[in-house]
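A short write-up of the structure that comes next.
The figures that follow rest on heavy atoms only: side chains count, while hydrogens, waters and symmetry mates do not. All chains are named by letter (A, B, ...) in the order of the sequence lines, taking the proteins before the strands, and each is independently numbered beginning at 1.
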Amino acid sequence: MNKIKKLYEELLREHGHQGWWPINNKYTPKNYGCPRNEKEKYEVILGTILTQNTTWRNAAKALDELRRKKLIKPREISKIKQERLARIIRSAGYHNQKANYLKEITKFYLSLKGRTPTRQELLHVKGVGKETADSILLYAYKEPVFVVDKYTKRLLQREKILKKEKDYDETRKIFMDNIEKKYETYNEYHALIVQEMKTKP
DNA sequence: AGCCAGGCTACCG
DNA sequence: CGGTAGCATGGC
């Protein structure tokens with residue numbers, strides 16, 4: 001019996017479809033068609049940085065401010081002074097760091113010219129660690145990669161699927177070896193884990 | 001009034 | 001290699 005798959009079925013039954021990622025600060029339940037265009041893809045990328053170690057609520061406020069000022073465009077983020085960008089995204093926390101990170105990922109994004117980046121390339125960008133790299137691949141580019149976070153490791157402990165806590169890549173491999181490599185499924189599973197662990201720590 | 005949130009970098013031993 | 005301080009706002 002595949003415990004990883006079984007756990008997925010249980011979580012889905014209990015919480016229902018989550019339908020990440022939010023675009024324009026709205027979830028798109030049961031619609032994995034997002035992002036639908038380049039603009040939304042770029043918004044998702046900014047969101048992955050802004051939500052690092054921060055609630056989505058606070059990150060979304062920062063995205064709202066950027067949207068209100070019509071700044072969710074790579075050229076605009078490139079142009080703007082870092083100090084001003086920091087003030088605008090203040091609500092996301094760590095705003096000085098994140099303003100720098102947003103500029104870094106934007107420079108990288110422009111260099112791609114529409115191509116899908118590799119995980120290795122993403123990991124070379126300052127401010128992009130493993131979870132953020134995988135989030136960008138999954139939520140912006142719809143690549144079938146599994147996103148691991150603190151909750152994921154904790155859940156495997158709680159369910160006694162693992163005795164000891166594994167590192168990021170090992171944990172990721174456990175999911176990817178046991179679940180069909182589909183974008184929709186990895187999207188759903190990660191969101192279900194967050195939902196489960198938020199309600200039952 | 002603390003404690004924590006959908007992490008990452010830099011630096012330590 | 002593994003461990004940890006620092007980064008910061010807002011909600012409960």
Once you apply a heavy-atom cut-off of 4.0 Å, does A:K98 come out as touching a base, just sugar-phosphate, or nothing? nothing
Proximity to the side chain of A:Y101 - top-ranked nucleotide from C:dA8, B:dT9, B:dA5: B:dT9
Once you round it to whole Å, what is the distance between C1' of B:dA10 and CG of A:N100? 14 Å
If you find the nucleotide of DNA chain B closest to A:V125 and the one closest to A:T48, which residue's nucleotide is nearer the 5' end? A:T48
Options B:dG7, C:dG11, C:dG10, nucleotide nearest the side-chain atoms of A:Y94: B:dG7
Closest to side chain of A:R57, choosing from B:dG7, B:dA10, C:dG11: C:dG11
Would you call A:K69 and A:E65 a salt bridge, taking side-chain N to carboxylate O under 4.0 Å as the test? yes
Remember a base hit wins even if backbone is also touched, and classify A:V128 as base, sugar-phosphate or nothing at under 4.0 Å, heavy atoms. sugar-phosphate
Symbol by symbol from the 5' end, with Watson-Crick or G-U pairs under 3.5 Å, [ ] crossing and | another strand, DNA chain B is .||||.||||||.
Not counting sequence neighbours, which residues clear ring-ring contact (aromatic ring centres under 6.0 Å, His included) with A:Y101? List them please. none
When the distance from CG of A:D169 to C1' of B:dG7 is rounded to whole Å, what number comes out? 15 Å
C:dA8 phosphate, OP1 or OP2: any side-chain N/O from A:T54 under 4.0 angstrom? no
Counting only heavy atoms not in A:K153 (residues, nucleotides, ligands), do more than 12 fall under 6.0 Å from its NZ? yes
Got a salt bridge between A:R67 and A:D64, using NZ or NE/NH1/NH2 to carboxylate O under 4.0 Å? yes
Has A:N53 got a side-chain N or O lying under 4.0 Å from the OP1 or OP2 atom of C:dC7? no
Return whichever of A:L123 or A:K150 has its heavy-atom-nearest nucleotide of DNA chain B closer to the 5' end. A:K150
Residue A:H95, side-chain heavy atoms: nucleotide from C:dG11, C:dA8, B:dC8 that is nearest: C:dA8
Whole-angstrom distance between B:dG2 and C:dA8, as gauged at atom C1': 15 Å
Residues A:E121, A:R115: salt bridge by 4.0 Å N-O rule: yes
